[in-house]
> 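This is the structure I have questions about; it appears just below.
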Amino acid sequence: MSTGMPSVPPGAVAHQLRWSRYRFPDSLYGYAAWIAVLGFLAFSVNYLDIPLARIPDMFHRMVSVIASRYYPPDIEYIMDRDYLDYVVETIQMAYLGALFGLGISIPLGWFGAFNMTPSRRFVYPVARLFTMGFRAVHEMIWAILFVSILGFGMLPGVLALTFFCAGFAGKLFAEEIEAIDMGPVEAMRATGANLFQVMVFGVFPQVRVAFTGIGIYTWDVAFRAATVVGFVGAGGMGWYLKRAVLQIETERVAAIILSIVVLVMISEVVSAYARARVMKMK
């Protein structure tokens, strides 16, 4: 039965679909974006005067320097009782920093979630401001700040890691809460449940596994940071690293870096195992 519409050959339709991928202005925007990215890359390399010609020989020079100055590492130095005590202090500092930071990040994530905040006009922006402020400053900068205020020791390191972990985990917690199913929440609100009851019985069961995984990941990141904050006087293994670097004891520097790598690898294995166990809880 004729509909009065002119028939279009199948080949013409396919050709039109292929051509639509490159139609103006969509393709122009895409090409312009790629040109802008490549142009900025070329400008940055030229402006920073990066010697690209030296890159192929870089690895050979690195191997030569390590072999001549940092090998063999002074393993006996890191087996000293005093150094092992600092390793234990580093683990304790990371644990306390992650624990206190997670404790602060839970209310920050709650108040900073747009769908669950007690006040979208007042509480939400304040919580987001604190979260962004904690994350905006690197943990080494926090350590320098607290060392200048409190002096050398473990307390500045714990506070630096606390602020860092609070901003890091607070943002992730808020994003997880914003992604929940609001059905159970609305049902509890309809029955007269208060804000705390809604959070405990309506929100927490939905984000329990995600929160646990974020907590484990936060500890992992805190431990990595704890190994170096001592470089600015905040306690832990970093103080030994700084002393060896300033005294140009390269073989001891290599041993300390090797110990840090080993500890981070152990932390990564333990964290991966814990995350795998958490995933089975779903």
Side-chain angles (χ1 to χ4, degrees), residues 90-91 93-146 155-186 195-229 232 234 264 267-268 270-279 281-282:
T90 300
I91 297 173
M93 181 169 60
Y95 173 76
L96 292 177
L99 183 64
F100 295 155
L102 288 171
I104 298 173
S105 66
I106 292 176
L108 280 180
W110 177 6
F111 298 152
F114 192 76
N115 57 339
M116 290 302 300
T117 183
S119 172
R120 294 180 178 179
R121 185 174 181 180
F122 299 106
V123 178
Y124 174 78
V126 172
R128 283 288 183 172
L129 178 63
F130 274 97
T131 304
M132 288 187 293
F134 290 154
R135 287 193 307 111
V137 181
H138 194 272
E139 64 269 15
M140 292 292 286
I141 306 300
W142 281 123
I144 293 173
L145 176 62
F146 286 121
L155 180 58
V158 172
L159 291 177
L161 294 177
T162 297
F163 278 40
F164 165 69
C165 292
F168 176 80
K171 180 178 184 297
L172 298 178
F173 283 168
E175 292 177 350
E176 287 293 334
I177 294 175
E178 288 179 343
I180 65 171
D181 180 11
M182 291 298 293
V185 174
E186 296 298 337
L195 185 62
F196 182 77
Q197 291 172 330
V198 170
M199 191 66 188
V200 172
F201 299 105
V203 177
F204 183 72
Q206 299 188 56
V207 297
R208 174 175 56 89
V209 175
F211 273 24
T212 306
I214 292 172
I216 295 171
Y217 186 55
T218 301
W219 146 256
D220 190 28
V221 174
F223 181 77
R224 296 167 190 263
T227 58
V228 293
V229 293
V232 295
V264 169
S267 174
E268 179 68 25
V270 174
S271 299
Y273 174 77
R275 283 193 294 267
R277 292 293 301 269
V278 169
M279 295 303 296
M281 296 168 55
K282 289 187 176 181

> When rounded to the nearest 0.5 angstrom, what is the spacing between CD1 in Ile144 and CD in Glu139?
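Answer rounded to 0.5 Å: 10.5 Å.
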> Under the side-chain contact (heavy atoms from CB on, under 4.5 Å) rule, collect the residues that match up with Phe201, sequence neighbours excluded.
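So Phe201 forms a side-chain contact (heavy atoms from CB on, under 4.5 Å) with Met188, Gln197.
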> Which pair of non-hydrogen atoms, one from Val123 and one from Pro118, has the smallest distance, and what is that distance?
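Scanning both residues, the minimum pair turns out to be CG1-CD, 4.1 Å.
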> Without swapping roles, check the side chain of Thr117 against the backbone of Phe114 for a donor-acceptor pair under 3.5 Å.
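Looks like no, no N/O pair under 3.5 Å.
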> Counting only heavy atoms not in Tyr124, do more than 12 sit closer than 6.0 Å to its OH atom?
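Yes, enclosed.
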> How many angstroms lie between atom CZ of Arg128 and atom NZ of Lys171, to the nearest 0.5 angstrom?
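Nearest 0.5 Å value for the CZ-NZ distance: 7.0 Å.
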> Would you check if Phe173 and Leu108 make a side-chain contact, meaning some heavy-atom pair closer than 4.5 Å?
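SC-SC contact between Phe173 and Leu108 ruled out.
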> Around Phe211, counting heavy atoms of other residues, nucleotides and ligands shown, do more than 12 lie under 6.0 Å from its CZ?
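Yes, because the 6.0 Å sphere around CZ of Phe211 holds more than 12 heavy atoms from other groups.
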> Could you report the tightest heavy-atom contact between Leu102 and Ala169, atom names first, then the distance?
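Smallest heavy-atom distance, with atoms named: CD2-CB, 3.7 Å.
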> Using side-chain heavy atoms (C-beta onward) and a distance below 4.5 Å, is Met199 in contact with Ile177?
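They are in side-chain contact.
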> Between atom CD1 of Ile216 and atom CG of Asp220, what is the distance when rounded to the nearest 0.5 Å?
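Ile216 CD1 to Asp220 CG: 10.0 Å, rounded to 0.5 Å.
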> For the residue pair Ala226 and Thr90, what are the closest heavy atoms and their distance?
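Reported closest heavy-atom pair: O-CG2, 3.6 Å.
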> So how far is it from Leu161 CG to Leu96 CG, rounded to the nearest 0.5 Å?
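CG of Leu96 is found 9.5 Å from CG of Leu161.
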> Which heavy-atom pair separates Ala222 from Cys165 by the least distance, and what is that distance?
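Scanning both residues, the minimum pair turns out to be CB-SG, 3.6 Å.
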> Could you label the plane-to-plane angle of the Phe168 and Phe164 rings as parallel, tilted or perpendicular, counting under 30° as parallel and over 60° as perpendicular?
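If you compare the ring of Phe168 with that of Phe164, the planes turn out parallel.
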> With distance as the sole test, does Ser105 use its side chain to make a donor-acceptor pair with the main-chain N or O of Ala166 at under 3.5 Å?
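No, the answer is negative, given that no donor and acceptor are paired below the 3.5 Å cut-off.
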> Could you label the plane-to-plane angle of the Trp110 and Phe196 rings as parallel, tilted or perpendicular, counting under 30° as parallel and over 60° as perpendicular?
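Tilted.
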> What closest approach, in Å, do Ala143 and Val229 show between heavy atoms, and which atom pair accounts for it?
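That closest heavy-atom pairing would be CB-CB, 4.2 Å.
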> Taking all non-hydrogen atoms of both residues into account, name the closest pair between Gly112 and Glu178 and its distance.
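Minimum heavy-atom contact is O-OE2, 3.8 Å.
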> Taking only residues two or more places apart in sequence, or in another chain, which ones meet Phe163 in a side-chain contact (heavy atoms from CB on, under 4.5 Å)?
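Counting only residues at least two positions away or on another chain, Phe163 forms a side-chain contact (heavy atoms from CB on, under 4.5 Å) with Phe134, Trp142, Phe146.
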